[in-house]
Amino acid sequence: MTLRRRRVAVAFRLAIVISVLAGIVLTALGPATVTGLLPYFTIQSNVAVGLFAAHAGWRAWRARPEPPSALKGAVTLYITITGVVYHLVLANPASPFAMPQPDRALGEALGNQFLHTVVPLLAIADWALFDPRGRLRLRYAAWWLAFPLAYLGFALVRGLVVHRYPYPFIDAGQLGYAGVSVSAVFFAFAFWLLGLLFVGVDRGLSRRVAARPADAPAPAVPAPGPALDDAATETPAARR
């Protein structure tokens with residue numbers, strides 16, 4: 001990575017870290033507390049991408065290699081899930097799992113947008129612009145489901161204790177465990193397809209980079225000097 005690209009990468013990653021911190025702090029200024037926010041996938045994915053961006057930014061600043069692409073693909077997928085599920089499922093009135101959107105104060109509303117819109121967009125842009133291409137494999141899309149499935153188990157066990165569930169599509173009290181199972185299979189399949197999309201985009205960008213013609217400079221041919229010109233044009237009689 002060139003010095004200029006490293007500087008842009010550092011700026012991008014600093015923006016991600018600041019956006020994560022702003023989103024959490026502004027959201028915590030509302031009725032929710034920091035500990036009350038922690039059980040949400042939104043917060044966990046934002047914290048993960050914020051920590052990863054800080055680490056990747058430090059590596060870019062020190063001119064070190066980028067972190068493993070499989071790990072970066074994972075955290076980028078999780079923050080993308082946060083944005084997609086919020087906008088298409090939770091905040092969409094047409095969704096069967098739409099959550100009532102309260103009247104938020106300005107700070108809390110900004111925090112909500114940082115966590116669900118700004119950070120996902122910045123993370124996706126960082127992945128597309130700066131991650132080395134051609135390193136993702138199809139099997140990663142299945143491996144990346146480990147964290148969402150672990151989160152599902154955590155949310156269900158926690159729900160047994162506190163009798164509250166962070167999202168309506170995993171609310172065993174309302175849907176029953178059979179209904180949650182149906183939701184889990186549907187979302188797991190959707191997340192797997194989203195992971196495959198990341199792998200497909202990575203391969204497409206890799207082929208595009210490989211097909212780009214190399215700009216090899218033509219070898220320089222030294223122009224003949226005056227002495228060479230004189231020698232070339234000198235007649236045999238003049239050499240005697």
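Counting from 1, the numbers follow the sequence of the chain as shown.
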Q: Take atom CD of Gln174 as the centre, draw a 6.0 Å sphere, and report whether it contains more than 12 heavy atoms from other residues, nucleotides or ligands.
A: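 It does not: Gln174 CD has 12 such atoms or fewer within range.
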
Q: Which heavy atom of Val180 sits nearest to which heavy atom of Leu175, and what is that distance?
A: N-CB, 4.1 Å

Q: Can you list the residues that meet the ring pair (Phe, Tyr, Trp, His ring centres under 6.0 Å) rule with Trp58, with sequence neighbours excluded?
A: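 With neighbours one apart ignored, the set is empty.
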
Q: Considering all heavy atoms of both residues, which atom of Gly195 and which atom of Trp144 are nearest to each other, and what is their separation?
A: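 The pair with the smallest heavy-atom distance is O-CZ3, 3.8 Å.
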
Q: Measuring from Glu108:CD to Leu29:CG, what's the distance to the nearest 0.5 Å?
A: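 With rounding to 0.5 Å, CD (Glu108) is 9.0 Å from CG (Leu29).
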
Q: Can you tell me how far the CG atom of Leu145 sits from the OH atom of Tyr151, to the nearest 0.5 Å?
A: 16.0 Å

Q: Contact between Phe191 and Val85 at the side-chain level, heavy atoms closer than 4.5 Å - yes or no?
A: yes

Q: When you group the ILVMFWY residues by side-chain heavy-atom contacts below 4.5 Å and let the links chain together, are Leu138 and Phe198 in the same group?
A: yes

Q: Is Phe187 close to Pro148 at the side-chain level, that is, under 4.5 Å between some pair of heavy atoms?
A: no

Q: In terms of hydrophobic clustering (I, L, V, M, F, W, Y; side-chain heavy atoms under 4.5 Å; direct or indirect links), are Val199 and Val75 co-clustered?
A: no

Q: Working to the nearest 0.5 angstrom, can you tell me the gap between Thr117 OG1 and Leu122 CG?
A: 10.5 Å

Q: Could you tell me if the side chain of Leu136 sits less than 4.5 Å from the side chain of Val201, heavy atoms only?
A: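 A side-chain contact under 4.5 Å is absent here.
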
Q: Grouping I, L, V, M, F, W and Y whenever their side-chain heavy atoms are under 4.5 Å apart, do Met99 and Phe186 come out in a common cluster?
A: yes

Q: Enter the distance from Leu115:CG to Leu26:CG here, rounded to the nearest 0.5 Å.
A: 8.5 Å

Q: Would you mind listing every salt bridge (Lys or Arg N to Asp or Glu O under 4.0 Å) that reaches into residues 12-31, with sequence neighbours excluded?
A: Arg13-Glu66, Arg13-Asp126

Q: Determine yes or no for a side-chain-to-main-chain donor-acceptor pair under 3.5 angstrom, with Gln44 supplying the side chain and Thr42 the backbone.
A: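 Not a single qualifying donor-acceptor pair exists.
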
Q: Under a 4.5 Å side-chain heavy-atom rule over Ile, Leu, Val, Met, Phe, Trp and Tyr, are Leu149 and Tyr140 clustered together?
A: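 Yes, it is one cluster - the side chains of Leu149 and Tyr140 are joined through contacts under 4.5 Å.
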
Q: Got a second to check how far Asn92's CG is from Phe97's CZ, nearest 0.5 Å?
A: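 Going from CG on Asn92 over to CZ on Phe97, the span is 12.5 Å.
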
Q: Under 6.0 Å from the CZ atom of Phe189, do we count more than 12 heavy atoms belonging to anything else shown?
A: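 No - once you tally the heavy atoms of other residues, nucleotides and ligands closer than 6.0 Å, there are 12 at most.
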
Q: Is any side-chain heavy atom of Val8 closer than 4.5 Å to a side-chain heavy atom of Phe130?
A: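 Touching, per the 4.5 Å side-chain cut-off.
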
Q: What's the shortest heavy-atom distance between Leu37 and Ile43, and which atoms?
A: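 Heavy atoms only, the tightest pair is O-CG1, 3.2 Å.
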
Q: Rest of the hydrophobic cluster containing Val182 (Ile/Leu/Val/Met/Phe/Trp/Tyr, side-chain heavy atoms under 4.5 Å)?
A: none

Q: So with a 6.0 Å cut-off around CH2 of Trp61, is the heavy-atom count from everything else above 12?
A: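 Not buried by this count: 12 neighbours or fewer within 6.0 Å.
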
Q: Mind checking ring pair (Phe, Tyr, Trp, His ring centres under 6.0 Å) for Tyr78 and listing every partner two or more places apart, or none if nothing turns up?
A: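 Partners of Tyr78 by the ring pair (Phe, Tyr, Trp, His ring centres under 6.0 Å) criterion, ordered by chain and then number, come out as Phe147.
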
Q: Which atom pair, heavy atoms only, marks the closest approach of Ala54 to Val17?
A: N-CG2, 3.7 Å

Q: Can you confirm whether Ser45 sits close enough to Ile81 that some side-chain heavy atom of one is under 4.5 Å from a side-chain heavy atom of the other?
A: no

Q: Could you tell me whether the side chain of Arg59 reaches within less than 4.5 Å of the side chain of Pro67, counting heavy atoms only?
A: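 SC-SC contact between Pro67 and Arg59 confirmed.
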
Q: Same cluster or not: are Phe154 and Leu152 linked, directly or through other Ile, Leu, Val, Met, Phe, Trp or Tyr residues, by side-chain heavy atoms under 4.5 angstrom apart?
A: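 Same cluster.
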
Q: Taking ring pair (Phe, Tyr, Trp, His ring centres under 6.0 Å) as the test, write out the residues that go with Tyr167, two or more places apart.
A: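 Scan of Tyr167 (ring pair (Phe, Tyr, Trp, His ring centres under 6.0 Å), adjacent residues dropped) gives Tyr40, Phe169.
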
Q: Do you know the tightest heavy-atom contact between Thr27 and Gly111?
A: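 Heavy-atom minimum between the residues: OG1-C, 3.5 Å.
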
Q: What are the two closest heavy atoms between Arg135 and Ser69, and how far apart are they?
A: CD-OG, 3.3 Å

Q: Under a 4.5 Å cut-off applied to non-hydrogen side-chain atoms, are Thr80 and Pro120 in contact?
A: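 Of all side-chain heavy-atom pairs linking Pro120 with Thr80, none is under 4.5 Å.
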
Q: To the nearest 0.5 Å, how far apart are CG in Leu90 and OG in Ser95?
A: 7.0 Å

Q: Not counting sequence neighbours, which residues clear salt bridge (Lys or Arg N to Asp or Glu O under 4.0 Å) with Asp171? List them please.
A: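 Applying salt bridge (Lys or Arg N to Asp or Glu O under 4.0 Å) to Asp171 gives none.
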
Q: Going through the checks in order, is the side-chain contact (heavy atoms from CB on, under 4.5 Å) test met by Phe114 and Ile24?
A: CA-CA 8 Å; Phe114 271 119; Ile24 294 175; over 6 Å; no

Q: Hey, is CZ on Arg158 packed in by over 12 heavy atoms from elsewhere, all under 6.0 Å?
A: yes

